[in-house]
Amino acid sequence: MRRDFPIKRLITAGILLPLLILLTLKGSAFQFSLLVSFLAFAGLFEYCRMTLRERPVAGVITALFGALIPYLFLIRSWQYLVVLLTILLLSISIIFLFRFNELNRVAAEVGMLAFGILYVPLLLGYLSLLRIGDHGVKWIFLLMFIVMSGDSAAYYLGCRFGGHKLYPAVSPNKSVEGAVSGLLGSLIGTLVAKALFFPEIGVVLAVFTAIAVGIAGQLGDLFESLLKRSCGVKDSGVMIPGHGGILDRLDSILFAAPVIWFFSMLL
């Protein structure tokens, strides 16, 4: 992860967070899902460019189909979701059948595309599912509180007290102290959210949600760093000048969204 100021990383790196807040508060579930679909398209397109630089056509087709997945989550159309995934799988297979570069890399490239569909739009689809559930707006804001407070605490306290490397092979700048501080920040952020706008969530559920979602967010950050290192790139893209790509902004949310949705089912 880039060692830049975390709030700046989330807010000034474009208009994504303000737009997400605006559509969560004022927009309909459909309008919110449109933004999620755009993020799914942009994130999956960056993933395809990062992992399969020589397959631009397959990447564009995959990203376009992937953008439909959050909307199918919104309308809870699991039958059409299966149909869409089937069409996408067949399309990718046919493209590679007649247009491949190196025969010994076909299996790996097809696998990377298939994983990208599961990694980006499928996980982001949980935001749409979260939005239409009970207290959907509150759960989405709670997710923001957990991720932002954890990111900020990990940065400040990690820079100040970090001395033990967390996972140097994947992310040399992260420390054990920063990771622990991030979890404490997520817990504080959750309790603040409970006091400000989410009294329905009990203390016990709030604590478990903070810890589980905080851990998931950090794992999502590490996993995206692992992908970038394996592809030999510093950023997933250049869509946000000076701050990397969309996927760099979504790394924590991708893992955190399904986890917080599971906890919303408990409430």
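- Looking at Ser264, its side chain does come within 3.5 Å of a backbone N or O of Trp261 through a donor-acceptor pair.
- A donor-acceptor pair under 3.5 Å links the side-chain atoms of Ser128 to the main chain of Pro70, judged by distance alone.
- Checked against the 6.0 Å centroid threshold, Phe198 and Phe145 do not count as a close aromatic pair.
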**OP:** Check the pair Thr190 / Val207 against side-chain contact (heavy atoms from CB on, under 4.5 Å), numbers first and verdict last.
**Re:** CA-CA 8 Å; Thr190 301; Val207 171; over 6 Å; no

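- To the nearest 0.5 Å, the span separating CG on Leu118 from CG on Leu123 amounts to 8.0 Å.
- Annotation: Asn104, atom CG; neighbour count of heavy atoms from other residues, nucleotides and ligands within 6.0 Å is above 12.
- Counting only distance, with no hydrogens or angles, the side chain of Glu177 and the backbone of His164 share a donor-acceptor pair below 3.5 Å.
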Subject >> Check against side-chain contact (heavy atoms from CB on, under 4.5 Å), Leu127 and Phe73 >> reply: CA-CA 9 Å; Leu127 290 177; Phe73 269 73; over 6 Å; no

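- The same ILVMFWY cluster, assembled from side-chain heavy atoms under 4.5 Å apart, contains both Ile75 and Phe65.
- Ser186 places a side-chain N or O within donor-acceptor distance of the main-chain N or O of Gly182, the cut-off being under 3.5 Å.
- For Tyr71, the OH atom sits in a loose shell: 12 or fewer heavy atoms of surrounding residues, nucleotides or ligands are nearer than 6.0 Å.
- For the pair Tyr119/Glu224, a side-chain contact is recorded, criterion being any heavy-atom separation below 4.5 Å from C-beta on.
- Chaining together hydrophobic side chains whose heavy atoms lie under 4.5 Å apart leaves Leu90 on its own.
- Summarising the geometry, atom NZ belonging to Lys138 is positioned 11.5 Å from atom CG belonging to Leu196; distances are rounded to the nearest 0.5 Å.
- Around atom CZ of Phe30, no more than 12 heavy atoms belonging to other residues, nucleotides or ligands sit under 6.0 Å away.
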